[in-house]
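Position 1 is the first residue of the sequence, and the numbers go up from there.
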Amino acid sequence: MQPRPGPGSPLDRVPALALFVVSGLTQYLGAALAVGLFTVLAAPNVAWLRIVVAAGVLLGWRRPWRTRWSRRDLVAVAVFGSVLAAMNVTFYIAIDHLPLGTAVAIEFIGPIAVATITGRGRRERIGIILAAAGVALLAGVTLTQGGGPDVVIGLVAIGAAAVCWACYIVLGRRVALKGSGVTSLSLAMTAGAIVFAPFLAAGAAPVLGDWRLAAAVFGIAVLSSVIPYAIEQVVLRRVSAATFAVMLALLPATAAVVGAVVLRQLPTPLEIAGLLAVSGAIALTTAPSPRRPRTEPAA
């Protein structure tokens with residue numbers, strides 16, 4: 001594969017946390033737009049279209065056919081892409097049956113599990129506890145407020161999304177460290193789109209006859225897939241899996257900002273407390289240790 005990009009890249013000079021904030025804001029702006037399409041297209045079909053469009057954009061940008069790929073590399077990328085696609089499809093199913101904030105909070109079971117398993121330092125452990133407390137507060141409305149098939153479907157879907165998210169963190173870091181993460185991502189998106197095509201392509205057909213719908217899907221794909229996943233590949237090369245997992249806990253904060261601005265959903269006092277706890281976890285786990293100098297990633 002091609003050598004890893006050197007430290008002179010413009011994105012390499014931007015703090016990892018700042019990059020991640022941009023990633024989160026664009027991701028949930030895309031999610032807010034996607035919810036509006038669920039009355040026209042089923043949630044899984046919107047998710048699949050998002051993957052297809054994102055794959056097309058990334059393929060045209062990165063042109064992965066110019067790179068030599070070993071069979072092992074291609075298998076790893078295909079598995080990563082399948083997990084990524086499954087994560088998107090199950091998450092969209094979940095937010096079609098559960099409130100967005102509740103779904104996002106529950107999905108954090110996945111990254112917190114990764115941080116718990118891979119984290120070794122005391123500061124990471126404390127950060128994980130803070131993040132878990134913040135996620136619990138951000139859940140807001142309890143599931144006892146409603147039952148029935150919708151809640152059951154939503155819970156099953158978001159549980160599957162949490163598992164996929166945990167796998168995405170581990171597999172995504174491995175793919176990112178092997179070479180050009182964004183180039184690998186273009187193949188991964190393509191693989192995920194192909195795997196789910198037999199199940200979801202037919203239901204996405206209405207997009208072909210409506211340019212407004214097609215434009216909305218394109219915007220969702222760029223905001224929710226191309227920008228955030230490309231940024232995450234840069235971040236994954238610069239931080240540990242445990243740190244990245246806790247950084248993901250910042251996403252409820254970005255979701256709250258987007259919800260307040262776009263959907264007019266103002267956070268409650270408990271949600272604000274949760275955001276403060278999550279922010280504390282981020283600061284604790286990303287600050288350099290005073291005892292050990294922070295090592296730079298290999299060029």
Side chain to side chain contact (heavy atoms under 4.5 Å, CB included) assessment of Phe38 paired with Ile95: CA-CA 10 Å; Phe38 291 168; Ile95 62 175; 3.9 Å; yes
Verdict with reasoning, Ile158 to Phe91, per side chain to side chain contact (heavy atoms under 4.5 Å, CB included): CA-CA 6 Å; Ile158 204 61; Phe91 178 74; 3.8 Å; yes
Worked check of side chain to side chain contact (heavy atoms under 4.5 Å, CB included) between Leu223 and Leu33: CA-CA 10 Å; Leu223 290 170; Leu33 295 175; 3.7 Å; yes
Verdict with supporting geometry, Cys167 and Val170, side chain to side chain contact (heavy atoms under 4.5 Å, CB included): CA-CA 5 Å; Cys167 295; Val170 176; 6.0 Å; no
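Between Pro64 and Trp69 the shortest side-chain heavy-atom distance falls below 4.5 Å. Residues Val46 and Val217 form no side-chain contact, since every pair of their non-hydrogen atoms from C-beta on lies 4.5 Å or further apart. Inter-residue side-chain proximity for Leu84 and Met189 is flagged as met; some heavy-atom pair is nearer than 4.5 Å. With a 4.5 Å cut-off on side-chain heavy atoms, Val234 and Arg238 count as touching. Side chains of Asp73 and Ser70 form a contact here, defined as non-hydrogen atoms less than 4.5 Å apart.
Note: Leu74 CG to Ser184 OG = 9.5 Å, rounded to the nearest 0.5 Å. The structure places CD1 of Ile126 at 7.0 Å from CD1 of Ile129, a figure rounded to the nearest 0.5 Å. Of the inter-residue distances, the one linking Thr190 atom OG1 with Leu185 atom CG reads 9.0 Å to the nearest 0.5 angstrom. A distance of 10.0 Å separates OG of Ser82 from CG of Leu171, quoted to the nearest 0.5 Å.
Distance alone, capped at 3.5 Å, places no donor-acceptor pair between the Asp210 side chain and the Pro206 backbone. Remark: side-chain polar atoms of Trp48 are not paired, donor with acceptor, to backbone N or O of Ala201 under 3.5 angstrom. Put simply, the side chain of Ser224 gets close to the backbone of Gln27: a donor and an acceptor are under 3.5 Å apart. Judged by distance alone, with hydrogens and angles left aside, the side-chain atoms of Thr90 form a donor-acceptor pair with the main-chain N or O of Ala86 at under 3.5 Å. The closest donor-acceptor contact from the side chain of Asn45 to the backbone of Leu200 lies under 3.5 Å.
In this pair, Tyr168 and Phe80 present their aromatic rings parallel. The plane angle is below 30°, not in the 30 to 60° band.
Of all non-hydrogen atoms in Gly110 and Ala166, the two that sit nearest each other are O-CB, 3.5 Å. Across Ile51 and Gly192, no two heavy atoms sit closer than the pair CG2-C, 4.5 Å. Taking all atoms of both residues into account, the shortest heavy-atom contact from Ile220 to Ala34 is CD1-CA, 3.5 Å.
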